[in-house]
Protein chains: 2
Amino acid sequence: MKNKPHYALQSVDHALQLAVILQVEGPQSVTEAARRLDVARSTAHRLLSMLVYRDFARQGPDRRYYAGPVISLEAGGSDHTAVLRDVSMPHLQVLVDRVGESANVMVLAGDYVRFIASVESRETFRVGNREGMVFPAHLTSGGKPMLAELSPEERAELYAPERWEGREAERPDVAALERELEVVRRRGFAINRDRTETGVTAIGRGLRVGERTSAAVTVSMPTVRFQEDRLVDIVSALALATRDIEHDLEGRLHAERRWS
Amino acid sequence: MKNKPHYALQSVDHALQLAVILQVEGPQSVTEAARRLDVARSTAHRLLSMLVYRDFARQGPDRRYYAGPVISLEAGGSDHTAVLRDVSMPHLQVLVDRVGESANVMVLAGDYVRFIASVESRETFRVGNREGMVFPAHLTSGGKPMLAELSPEERAELYAPERWEGREAERPDVAALERELEVVRRRGFAINRDRTETGVTAIGRGLRVGERTSAAVTVSMPTVRFQEDRLVDIVSALALATRDIEHDLEGRLHAERRWS
DNA sequence: ACAGAGGATTCTGCTATGAAGAACAAGCCG
DNA sequence: CGGCTTGTTCTTCATAGCAGAATCCTCTGT
C-alpha cells in the first residue's frame with residue numbers, strides 16, 4: 001500500500017480523494033461526498049467549490065458535481081504543451097509590448113480550451129492571468145479559430161447532443177456556430193466582446209502545430225479600452241506573433257523526439 | 001474571471017494549482033513549485049507529497065515532480081467506468097463471500113491500471129481498499145491478462161523506450177514480459193506473489209468490455225493465507241464472477257447510449 | 001577525492017485557517 | 001402548499017498547515 005506522507009495535509013487529501021471519486025465513480029451530490037469522506041456537508045461543499053474553481057469539477061443542472069475538464073480531458077501531450085508554452089512566452093511578451101494589452105496561448109482539448117501561457121500587460125486595469133484555466137471552446141476568441149479548422153465531421157462529433165449530457169444548457173446552437181465559424185475562417189481571426197467575461201474583449205487567431213491548428217493566440221483587454229480603430233493594429237500584431245511562434249515551434253519540434 | 005469561492009481553502013487551492021502547473025508546464029522541482037505558488041519550500045514539499053500519494057504527481061529520478069497518472073491518463077469514459085463499477089459491485093460481494101478474500105475490478109489506462117471497485121473481506125487481517133489508486137499494469141495480476149490480450153503492436157507502443165522517458169527504471173524487460181504474458185494467455189489467469197506489495201498475493205482474470213479485454217477482476221490476500229490448494233477454487237470463482245459481470249454489463253451497455 | 005553550494009526533506013512551534021454546527025435557502029414530493 | 005431533505009452560507013474555535021531552522025542529499029568544480 002502506498003504510504004501516507006509523514007506530514008499529510010488532511011484538507012488536501014480530502015480534495016484529491018474527492019476528485020478521484022468523481023473521476024472513477026461519476027457524479028456525486030454534496031451529501032454523498034460528505035458521507036464518502038466522512039466530513040460535514042458544509043466541509044464537502046467547500047471542497048467541491050474549490051474543485052469547481054480550479055476546473056477539477058463542475059456542477060450539473062441536477063446540482064450534482066461531475067468530474068471537470070482537468071481530470072476528464074485527454075491531457076496527453078504534456079511535453080508538447082510544455083514546449084509550446086516555452087516557445088510562445090517571449091513572443092507573447094513582444095506582442096504585449098506592441099499592443100499594450102494582455103496576451104495568451106491556448107490549446108484545444110475536447111470541446112474546451114486550456115490557457116497554457118499568459119503575459120499580462122503593465123496597465124493597472126487589465127485582464128489578469130488565466131494560466132491553466134479551462135473555458136468552452138465555442139465561447140472564446142481563441143477556441144473559434146481552432147474549431148473553424150476542424151473538419152465538419154470532427155465538429156459534428158464534438159457537438160453531438162449525447163456528448164453534452166448533463167450540460168445541455170451549455171451546448172451551443174450548432175447551425176449558428178457553423179455560420180459564425182465561417183466568418184472566422186474568412187476573416188482569419190475571431191473577436192469576442194463580453195462573451196467569456198463581462199467587460200472583456202478578446203481577439204484571437206489560430207496557431208498551427210505541425211499539420212493542425214490546435215492552438216491559438218489571443219489578445220484581451222477591458223472592453224472600455226477597445227476601439228474599432230485599434231482592431232487593424234491588433235490583428236496585424238497577432239498575425240506576426242502567430243507566424244513567429246509557428247516558425248520557432250517548427251524548429252523545436254524537429255529537434256524533439258516525438259511519439260503519439 | 002472565475003470567482004474565487006467565498007470560503008476558499010488556501011491549502012487545497014495550492015495543491016490544485018500545482019497539479020495544473022504540472023499538467024500544463026511539465027516537471028517542476030520543489031524550489032520552482034515553491035516560487036510559483038509563493039510558499040515556503042517545506043510547504044511545497046508537503047503539497048507535492050500529497051499529490052504523489054494520491055497519484056496526481058510522481059517523482060522522477062531527477063527528483064523533479066511530473067504530472068501523475070490521474071491527470072495524464074486518458075480518463076474519458078467516466079460514465080463507462082461508473083457503469084462497470086456499478087455492475088461489478090454485487091458480483092464482487094458474491095466473490096468475496098465465496099472465497100473469503102478481498103476482490104477488485106480495475107481498468108487499463110495507458111500502461112497503468114486503475115482500481116475502480118473494491119470489496120474487502122471481513123477478515124481482520126486483509127488487503128485494504130485501493131479504489132481510485134493506480135499501479136503499473138505489468139506489475140499487477142489484473143494488468144497482465146489485459147496486456148496479454150492486446151495486439152503485439154499495441155504492446156510494442158505501450159512499452160516503447162521513448163514512452164518511458166523519465167521513468168526508465170520502471171520500464172519492464174519486454175522480452176521477459178512477453179514470455180510471462182504467453183503463460184497468462186495460456187492459463188487464463190495471472191498470479192502475483194509479493195509483486196505490487198510485500199506480503200500480498202493476488203490472482204487476476206481479464207474481463208471483456210464490449211470487444212476488448214479492457215478490465216480485470218482480481219482476488220487479493222495476505223501471502224501467509226495463500227496455499228496452492230486454494231488456487232483451483234479461487235480461479236474457478238473468478239471465472240464465474242467474470243462471466244456474470246460480462247453478462248450483466250452486456251445488458252447494461254445495450255441499454256446505454258454510447259459514443260466514442 | 002573532497003569541499004562547497006544549492007536543492008530536497010524533516011521537524012517544531014505558533015497562529016491563521018479549516019472544521020463542524022447552526023441557520024437559512026432551495027428544491028422535490030406527496 | 002407544507003414538510004422534508006439537500007444545498008449553501010456564516011460564525012466560532014481548536015488544530016492543522018505554515019514558515020523557518022536544521023539536517024540530509026546531490027552535483028559540480030578544483
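From a predicted model like this one, the values you see are computed outputs, not experimental measurements. Numbers restart at 1 for each chain; the letters A, B, ... are given by sequence-line order, proteins then strands.
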Task: Carboxylate-amine/guanidinium proximity below 4.0 Å for A:R163 and A:E157 - done: no

- [ ] Pick base, sugar-phosphate or nothing for B:T43, based on heavy-atom distances below 4.0 Å to the nucleic acid.
- [x] base

- [ ] Determine whether more than 12 heavy atoms belonging to other residues, nucleotides or ligands lie under 6.0 Å from atom CG of A:D38.
- [x] no

Open item on the list: One thing to verify: whether B:D13 and B:K4 come together as a salt bridge, which I'm taking to mean a side-chain N less than 4.0 angstrom from a carboxylate O.
Closed with: yes

Open item on the list: Would you say B:S11 and A:S11 are linked by a side-chain donor-acceptor pair, where the criterion is simply a distance under 3.5 Å?
Closed with: yes

- [ ] For B:V39, report the nucleic acid contact type (base, sugar-phosphate, nothing); a contact means any heavy atom under 4.0 Å.
- [x] sugar-phosphate

Task: Bending between helix ends of the helix from C:dA1-D:dT30 to C:dG30-D:dC1 [5 pairs per end, 10° resolution] - done: 60°

TODO: Can you label the angle between the B:Y65 ring and the B:H45 ring as parallel, tilted or perpendicular, going by 30° and 60°?
DONE: perpendicular

Task: Whole-Å distance separating the CG atom of B:L18 from the P atom of D:dC18 - done: 12 Å

- [ ] Indicate, with a heavy-atom threshold strictly under 4.0 Å, whether B:A8 touches base, sugar-phosphate, or nothing.
- [x] sugar-phosphate

- [ ] On DNA chain C, reading 5' to 3', which nucleotide is the first and which the last to sit with an atom under 4.0 Å from a heavy atom of chain B, could you check?
- [x] C:dG7 to C:dG18

Task: Heavy-atom protein contacts under 4.0 Å, nucleotides 4-11 of chain D, coded B base, S sugar-phosphate only, - none - done: --SBBBBB

Open item on the list: With no hydrogens and no angle check, just 3.5 Å: does a side-chain donor-acceptor pair link B:R36 and B:Q17?
Closed with: no

Open item on the list: Whether A:R46 engages the ring of B:Y7 as a cation-pi pair (distance to the six-membered ring centre under 6.0 angstrom, angle to the ring normal within 45°) should be assessed.
Closed with: no

- [ ] Nearest 0.5 Å please: distance from the CZ atom of B:R171 over to the CG atom of B:D111.
- [x] 11.0 Å

Open item on the list: Under 3.5 Å, is there a donor on one side chain and an acceptor on the other for B:T201 and B:T223?
Closed with: yes

Open item on the list: With a 4.5 Å cut-off on side-chain heavy atoms, are A:V52 and A:R58 touching?
Closed with: no

